[in-house]
Amino acid sequence: MPNLPATGLRALAFAIARAWGSAEEEAAIVADHLVAANLAGHDSHGVGMLPTYVRVFRQGCLVPNRELRTVADAGAVLVFDADRGVGQRMAKLAVAQGIERARALGAAVVALRDSCHIGRIGAYGEQAAAAGLVFLGFVNVADHDPVVAPFGAAEARLGTNPFCAALPAAAGEEPAVLLDMATSTIAFGKARVARNKGLPVPEGTLLDREGRPTTDPAPMVDRFEGALTAFGLHKGSGLAILCELLGAALTGGQTITDPMRHGIVNNMLAILIDPARFATGERGPAAVAAVADWIRAARPAPGFDRVRLPGEPERESRARRLAEGVPIDERSLEEILEAGVALGLDRVRLAATARGEG
Ligand SMILES: NC(=O)c1ccc[n+]([C@@H]2O[C@H](COP(=O)([O-])OP(=O)(O)OC[C@H]3O[C@@H](n4cnc5c(N)ncnc54)[C@H](O)[C@@H]3O)[C@@H](O)[C@H]2O)c1
């Protein structure tokens, strides 16, 4: 498996986004977002998404250069419709407006409807935390075959509906805590990565078409056959259902029960809170730091080197991959090059770009 430099992958993603018609600013946002996901260790939401984006672009379900449309502005509540715009830019713009509103009012609730895939939700948690705000995001996945079985079900009824929570540290620093997760036991893209590497998925993460446990990701990835399990039994399943209800049903976005065009849509309910409004003075940030230290100082269980907070594995991955490059398996790279060729790009030049030679 070759390691490719982040700069090469960014140039590759930028070239493909430009080729589907995104203006420079939008292409740069997509490329930065995807490579940041790879650097964070989430290859499921990195440049490996490009073939999916090209497919949904070609069927009219990803529309470049959309204006973010304000549907309602009710003070603390802002509702935007992305009209299937490029999700990484739509969500970034919506969260930016939420940040302004939360700074003015102390808190803001942002609904983003009908966006094409917005990628790694942690990016928006980081955006809010960098502005000194707490972030809670409930997201559904729609316009797509269901892939996750609710607790007790033998078949899929939900998307991988991610949840994200971020707490800021000092201004300009990385979030103190960044919990960013699919509500399935593993993200769908992780099953795709396993299939591309010819590896099984971990036990307990997947059901076959009869609802029996399996570790073979191919039927799910190739034909949406079977179902991923919801994480944490009935509790995680409950959170997945809440992401569907809060992210889409409440906000007027597309739910899993609406007719499908087989694109990939995300709807998000984001809550932004200014922690300064709790009037804790220095006690609030000090208490966050104290709790974080307390958790980290726990004696590690057998098989663990140390105890981490949510967000730390991604930070460690970023440092490692910036130094060593990003491992991309041959099949995933091949699929990305094919996607570029389908948009009229030259395969040899694109491969050189990915290696950082472009
Ligand atoms: N846009 C979409 O439709 C969509 C759908 C599903 C998932 N996603 C994205 O997929 C990505 C991957 O999700 P995932 O569920 O596979 O993530 P994951 O299981 O790798 O990590 C989930 C969370 O657990 C934390 N964590 C992991 N290992 C830890 C450890 N040893 N100690 C402490 N904390 C630890 C991570 O920091 C992270 O906050 C996320 O960025 C998510 O936003 C997006």
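Atoms within each ligand, like the ligands themselves, are counted from 1 in listed order. Here the structure is a predicted model, which is why all the values come from computation and not from measurement.
- Near Glu314, the atoms of ligand 1 lying under 4.0 angstrom from a non-hydrogen atom of the residue are 36 (C), 37 (O), 38 (C).
- Looking only at atom types and distance, the side chain of Tyr124 has no donor-acceptor partner in the side chain of Gln88 under 3.5 Å away.
- Taking atom 27 (C) of ligand 1 as the reference point, the nearest protein heavy-atom neighbour is Pro313 CG, 3.9 Å.
- With ligand atoms numbered from 1 in the order given, ligand 1 contributes 3 (O) to contacts under 4.0 Å with heavy atoms of Val141.
- Evaluated by nearest non-hydrogen atom to atom 20 (O) of ligand 1, the leading choice among Met181, Arg315, Lys190, Met268 is Lys190.
- Of all heavy-atom pairs spanning Val56 and Gly263, the tightest one is CG1-CA, 3.6 Å.
- Residue Ala182 places at least one N or O, backbone or side chain, under 3.5 Å from an N or O of ligand 1.
- For the residue pair Asp329 / Ser332, a side-chain donor-acceptor distance below 3.5 Å is found, with atom types taken as modelled.
- Looking at atom 12 (C) of ligand 1, its nearest protein heavy atom turns out to be His42 ND1, 3.4 Å.
- Here's the thing with Ile121: one of its N/O atoms is less than 3.5 angstrom from an N/O atom of ligand 1.
- When only non-hydrogen protein atoms are considered, atom 24 (O) of ligand 1 lies nearest to Leu179 CD1, 4.2 Å.
- Looking at Gly119 next to ligand 1, an N or O pair under 3.5 Å apart turns up.
- Considering backbone and side-chain atoms alike, Gly311 places an N or O below 3.5 Å from some N or O of ligand 1.
- Counted by atom type alone, Glu324 and Asn3 present zero donor-acceptor pairs between their side chains at under 3.5 Å.
- Of the polar atoms of Asn266, at least one N or O is found under 3.5 Å from an N or O of ligand 1, judged by distance alone.
- Not a single donor-acceptor pair under 3.5 Å links the side chain of Asp180 to the backbone N or O of Cys164.
- Considering backbone and side-chain N/O of Asp180, one or more are found under 3.5 Å from N/O of ligand 1.
- The Thr160 neighbourhood of ligand 1 comprises atoms 5 (C), 6 (C), with distances under 4.0 Å to a heavy atom of that residue.
- The side-chain hydrogen bond (donor to acceptor under 3.5 Å, both in side chains) test with Gln254 is passed by exactly one of Asn266, Asn267, Asp143, Asn140: Asp143.
- Given atom 33 (C) of ligand 1, the protein heavy atom at minimum distance is Arg308 O, 3.4 Å.
- One side chain, His42 or Glu314, offers a donor N or O that lies under 3.5 Å from an acceptor on the other.
- For atom 44 (C) of ligand 1, the nearest protein heavy atom (residue, atom name, distance) is His45 NE2, 3.0 Å.
- In Asn161, neither the side chain nor the backbone holds a heavy atom less than 4.0 Å from any atom of ligand 1.
- Between the side chain of Ser184 and the backbone N or O of Thr229 there is no donor-acceptor pair closer than 3.5 Å.
- Every N/O-N/O distance between Arg120 and ligand 1 stays at or above 3.5 Å.
- Every atom of ligand 1 with a heavy atom of Ala187 under 4.0 Å away is listed here by number and element: 16 (O).
- The main-chain N or O of Arg89 is never found under 3.5 Å from a side-chain atom of Glu26 such that the two would form a donor-acceptor pair.
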Q: Let me see the working for Asn38 and Asp43 under side-chain hydrogen bond (donor to acceptor under 3.5 Å, both in side chains), right down to the final yes or no.
A: CA-CA 5 Å; Asn38 284 116; Asp43 296 329; 2.9 Å; yes

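- Among the atoms of His117, some N or O lies under 3.5 angstrom from an N or O of ligand 1.
- Remark: side-chain polar atoms of Ser317 are paired, donor with acceptor, to backbone N or O of Gly41 under 3.5 angstrom.
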Q.
Using the rule given for side-chain contact (heavy atoms from CB on, under 4.5 Å), can you reason through Leu207 versus Glu210, listing the C-alpha separation, both sets of side-chain angles and the distance that settles it, and then say yes or no?
A. CA-CA 7 Å; Leu207 306 176; Glu210 311 300 335; over 6 Å; no

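- Regarding atom 25 (C) of ligand 1, its nearest protein heavy-atom neighbour is Pro310 CA, 4.2 Å.
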